[in-house]
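Read through the structure below, which is laid out as structure tokens, and then see the notes.
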Amino acid sequence: MQDQIVQAREIRSARIEGLRGVGSSGVLLGHLWGVSVLYSARSYSTTFHRLILGAGFGAFVLLSLSGYLLSLPFLRRDFDDGSPVDLRRYARNRVLRVFPLYYSATVIVLLLQQHGGTSGQWWRFLTFSENFSHSTIAQVDGPMWTLVDEIHFYLLLPLIAWGLARLCRGRLSLAILALLALTGASMAVYELKYLSTAHKDTLWEYSTPANFFYFTSGMLVAATRIVLERRPAGWLGPVFGRADVWLLAGLGTWLWVCWKFEHFEVLALVSFFTIGALVFPLREGYLNRLFGWRPLVTLGLASYSLYLWHYPILTWLSGYHSLRPLGWLALTGGVLSVICALISYRVIESPFLRMRRRWSPAAAGHTGSAADAESARRRR
């Protein structure tokens, strides 16, 4: 087990990368099962099947993780130590992180799996506007719809942070209430514009307003972390002060959602409990240490590549009927997806991620320790 990992010469939390590994591998497992049964009623006909399909909810944990990681510097700036946030570096880092792999996957999949693609597919996917048309939403490479919502969050976050700072004027409790209000508003959109309608419109299902509560759940983790850091050690008590209790709460909530296979808004709590268990000042446990397991951390480093490449691979293999049973598809599709992800991370992602070190205070070659990197990050 390990606590820190170097990614493209930047020091990262190994457990956060391990959580990425859990989330992306869960998406892979859910899609393995769904594709193997062609997403028929069988895919959720039993509790066991719903658990396998529900592993795909890891995608929403990844959205919340973005909400936490990106909002924490803004919340610290406005409600904690006042450290400035370099918006130009923020924008550059987002571009370098997302765009190279997204465009590489888009071009390759359109050329190889969509017979060159249509003009509508090309301009919509290249402009991140595929979520606004029934002809392209969740098509070509299904998981890409979340990238559109991510881009919207990246653009909105500085504005939301500015609004919270102006509205709350340094009062973190008011900021938490405002974030809860945003969460409730997003859940209301999801309920009123999608769940409660007779005709389920995928444009609303995958829209940013209807999924924004996953991002705000991560922002609430960031705000709660600041609150807990101000409290004395052991303030949560012998039970709620243990990381494993929070992880078990997240696991239990996920199991309940999978069992009922409804009330998907509750998945925001799964994200809150799970991410909180890894970042709050809690007592160490056996479960949270597992997120530092090296193979899981390695998978987490390549999680973005795994997330984008696995679905085209699975849909390609599903055309061979002899490979459609889950066992064969898992053996071939799962292994091929992981291998492709590791190669993609090395060839496509890493060169661009290394470009970020010139703006990053957490560059491994410029700091003496992870603690120094964290301190430098906050100062800048």
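Relative orientation of the H31 and Y311 rings is perpendicular, given thresholds of 30° and 60° on the angle between their planes.
Within the 3.5 Å criterion, the main-chain N or O of I16 finds a donor-acceptor partner in the side chain of S13. Between the S217 side chain and the Y214 main chain, a donor and an acceptor come within less than 3.5 Å of each other. Judged purely by atom type and a 3.5 angstrom limit, E349 has no side-chain atom pairing as donor or acceptor with the backbone of A302. A donor-acceptor pair under 3.5 Å is formed between the side chain of S25 and the backbone N or O of V22. A donor-acceptor pair is defined here as one N or O able to donate and one able to accept, closer than 3.5 Å; no such pair exists between the side chain of T274 and the backbone of S271. D141 contributes no side-chain N or O that, together with a main-chain N or O of M144, makes up a donor-acceptor pair within less than 3.5 Å. D149 places no side-chain N or O within donor-acceptor distance of the main-chain N or O of T146, the cut-off being under 3.5 Å. Between the side chain of Y102 and the main chain of F125, a donor-acceptor pair closer than 3.5 Å is present. No donor-acceptor pair under 3.5 Å is formed between the side chain of S344 and the backbone N or O of A341. Side-chain atoms of Y345 do not come within 3.5 Å of backbone N or O of S350 as any donor-acceptor pair.
Between E130 and Q139, the closest side-chain pair of non-hydrogen atoms is not below 4.5 Å. Taking the side chain as every heavy atom from C-beta outward, Y190 and M187 never approach each other to under 4.5 Å. Looking at I275 and S64, their side chains come closer than 4.5 Å, going by heavy atoms from C-beta outward. Between Y194 and T202 the shortest side-chain heavy-atom distance does not fall below 4.5 Å. When side chains are defined from C-beta on, T118 counts as touching Q121, because their heavy atoms get closer than 4.5 Å. Looking only at side-chain heavy atoms (C-beta outward), L317 and L336 come within less than 4.5 Å of each other. Side-chain contact between P143 and H310: present, with at least one pair of heavy atoms (C-beta onward) separated by less than 4.5 Å. You'll find the side chain of D80 reaches within 4.5 Å of the side chain of R230, heavy atoms only.
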In a table with atom names and distances, give each donor-acceptor pair under 3.5 Å that connects a side chain of residues 245-264 to protein atoms at least two apart or in another chain.
from: W246; atom 1: NE1; to: F240; atom 2: O; distance (Å): 2.6
from: T253; atom 1: OG1; to: A249; atom 2: O; distance (Å): 2.7
from: W254; atom 1: NE1; to: G54; atom 2: O; distance (Å): 3.0

Cut-off 3.5 Å, no hydrogens considered: what does the side-chain donor-acceptor table look like for residues 152-177, sequence neighbours left out?
from: H152; atom 1: ND1; to: T208; atom 2: OG1; distance (Å): 2.5
from: Y154; atom 1: OH; to: E150; atom 2: OE1; distance (Å): 2.9

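Rounding to the nearest 0.5 Å places CZ of R77 at 11.5 Å from OG of S71. A distance of 4.5 Å separates CG in L306 from OG in S24, rounded to the nearest 0.5 Å. If you take CG on L63 and CZ on F215, they are separated by 4.5 Å, rounding to the nearest 0.5 Å. Of the inter-residue distances, the one linking L267 atom CG with N211 atom CG reads 10.5 Å to the nearest 0.5 angstrom. To the nearest 0.5 Å, atoms CG (L75) and CG (L70) are separated by 11.0 Å. Note: T106 OG1 to Q114 CD = 11.0 Å, rounded to the nearest 0.5 Å.
Remark: aromatic rings of Y90 and F74 are close, center separation under 6.0 Å. Here the two rings, on H49 and Y44, have centers that are 6.0 Å apart or farther. Aromatic ring centres of F128 and F99: separated by under 6.0 Å.
Checking R225 against Y68 by side-chain atom types alone, a donor-acceptor pair falls below 3.5 Å.
No salt bridge links E205 with K193; every basic N to acidic carboxylate O contact stays at or beyond 4.0 Å.
Residue-environment remark: NE2 (H134) exceeds the threshold of 12 foreign heavy atoms within 6.0 Å.
Follow the hydrophobic side-chain contacts under 4.5 Å out from V266 and you reach F273 in the same cluster.
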Query raised in the report: Can you check salt bridge (Lys or Arg N to Asp or Glu O under 4.0 Å) on E17 and R294, steps first, answer last?
Result: CA-CA 10 Å; E17 297 306 321; R294 189 170 186 83; over 6 Å; no
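Residues satisfying the ring-ring contact (aromatic ring centres under 6.0 Å, His included) criterion with Y39, sequence neighbours excluded, are absent altogether.
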